[in-house]
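Report on the following structure.
Reminder, nothing fancy here: chain letters follow the sequence lines and each chain counts from 1.
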Amino acid sequence: MPELPEVETVVRGLQASLPGRAVTEVRFGKTDFVDDAGAIEEHVQGSRIAGVERMGKFIRVKLSGNRLGEPGHLANLMIHLGMTGQLKVVPAAEPVVAHTHVFFALDDGRELRYTDIRRFGRMGFVPEGELEDFTGELGKEPLEIRAEEFCERIGSRRARLKALLLDQSVLRGIGNIYADESLFRAKLHPARIAANLPRRKLLDLHRAVREILLEAIRHRGSSVSDYVDSDGNRGEFQLRHRVYQREGKPCHRCKSKIRRIIVAGRSSHYCPHCQLPPRKKR
DNA sequence: AGCTCTTCCTGAAAGC
DNA sequence: TGCTTTCAGGAAGAGC
């Protein structure tokens, strides 16, 4: 599933080919995952792509100069890939693969296409003036947050580490894969209560999250399920997973069998020897 | 505040 | 073989 490293990889691909292009036409298939298809049709068609960036797991396509011709008018197309969303730039003549639901025709004969088997993704039009409302609900970028603030935000909470890492209003961009991999690297059990951690371990976790995300970006993300980047290439970080989807396999550090339990309603993979559970209260 | 359960959706895999 | 059931998962909402 696309999490921060996968979205970052897709965004870097789009940055190489979208800026400067005008959107000549927008077409939709199913629209039940689109916030306001009418608004996208009205405002995106005829606009020019000024840039692409990542905000947590969201892709922000910056648009300028809409069809009504207000020069410098800025707006954004926000896209969340959900579990199976893919964004690809292809020649307009390319055959359409199944479950492709949004088409943005570009002025160079290509198309930006959104494909999403399960339609857990999201797409919406956000005028520049409303962007702050949108981002206000998102937490800090895990690669930008300083250690001090990380300790405050996480360490003040009585929730389980796994739940906090997955909470997009705490940190934005981490999903199940990178939560599990980060906890393994920091040698922390997913069900531990954040507020009970010594500062030392909070710092370990901050560093682990950072290292894991950077390594995953370097390997262009993890291709589990359907993930591919904007050129259709798979990532390679799944080959380096230490716990995620490795239930029953030996831990790379101690050879214990990796376990899978449900924490915060999510599959959580961990090493029972390297990541000791919270101590039972007496 | 934080937990669990449910919903959305499809396809793969397991069960019979 | 072929049909049915179960499960995975990001995010949001309900209810406790």
Hey, what are the protein-to-nucleotides 5-9 of chain C N/O distances that come in under 3.5 Å?
from  : atom 1 : to     : atom 2 : distance (Å)
C:dA8 : OP1    : A:R260 : NH1    : 2.9
C:dA8 : OP1    : A:R260 : NH2    : 3.2
C:dA8 : N3     : A:R118 : NH1    : 3.0
C:dG9 : OP1    : A:Y244 : OH     : 3.1
C:dG9 : OP2    : A:S267 : OG     : 3.2
C:dG9 : N2     : A:R118 : NH1    : 2.9

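- When the options A:K162, A:E3, A:E181 are evaluated for a side chain to side chain donor-acceptor pair (under 3.5 Å) with A:N176, the one that passes is A:K162.
- Residue A:E41 comes nearest to A:V26 through the heavy atom pair CG-O, 4.3 Å, listed as atom of the first residue, atom of the second, then distance.
- To the nearest angstrom, P of C:dA12 lies 8 Å from CD of A:E137.
- Proximity of A:P142 to A:L4: side-chain heavy atoms (C-beta onward) are separated by under 4.5 Å at one or more points.
- Following rounding to the nearest Å, A:I174 (CD1) and C:dG10 (P) show an atom-to-atom distance of 12 Å.
- A sub-4.0 Å separation between OP1 or OP2 of B:dG11 and a side-chain N or O of A:R119 is absent.
- Note that the two end axes of the helix from B:dG2-C:dC16 to B:dC16-C:dG2 enclose an angle of 50°, each drawn from 5 base pairs, rounded to 10 degrees.
- Of the possible donor and acceptor atoms, one in the side chain of A:D116 sits under 3.5 Å from a partner among the backbone N and O of A:G121.
- A tilted orientation is assigned to the rings of A:F237 and A:H219, their planes being inclined by 30° to 60°.
- Whole-Å rounding puts the A:R172 CZ to C:dG10 C1' distance at 17 Å.
- In this structure, A:L81 atom CG and C:dG10 atom P are separated by 12 Å, rounded to whole Å.
- Between the CG atom of A:L165 and the P atom of C:dG10 there is a distance of 13 Å, given to the nearest Å.
- In this entry the distance linking CZ of A:R160 with C1' of B:dT4 reads 10 Å, nearest Å.
- Tested against A:S222, the residues A:H241, A:Q238, A:Q245 include a single side chain to side chain donor-acceptor pair (under 3.5 Å) partner, A:H241.
- The pair A:E152-A:R146 fails the salt-bridge criterion, with no side-chain N (NZ, NE, NH1 or NH2) lying under 4.0 Å from an Asp/Glu carboxylate O.
- Atom CE of A:M123 and atom P of C:dG10 are 19 Å apart (whole Å).
- Applying the 4.0 Å criterion to OP1 and OP2 of C:dG10, one finds that A:H80 has every side-chain N and O outside that range.
- Distance CG (A:L4) to P (C:dA11): 12 Å, rounded to an integer number of Å.
- Heavy atoms of A:D32 sit under 4.0 angstrom from primed sugar atoms or phosphate atoms, though from no base atom.
- Contact check, A:Q168 against C:dA11: a side-chain N or O comes under 4.0 Å of OP1 or OP2.
- An OP1 or OP2 oxygen of B:dT10 is reached within less than 4.0 angstrom by a side-chain nitrogen or oxygen of A:K30.
- Listed pair A:H99 / B:dG11 meets the phosphate criterion, a side-chain N or O lying under 4.0 Å from OP1 or OP2.
- Grouping the Ile, Leu, Val, Met, Phe, Trp and Tyr side chains by contacts below 4.5 angstrom, directly or via other members, places A:L112 with A:V52.
- Two rings, from A:H101 and A:F28, have their centers 6.0 Å or more apart.
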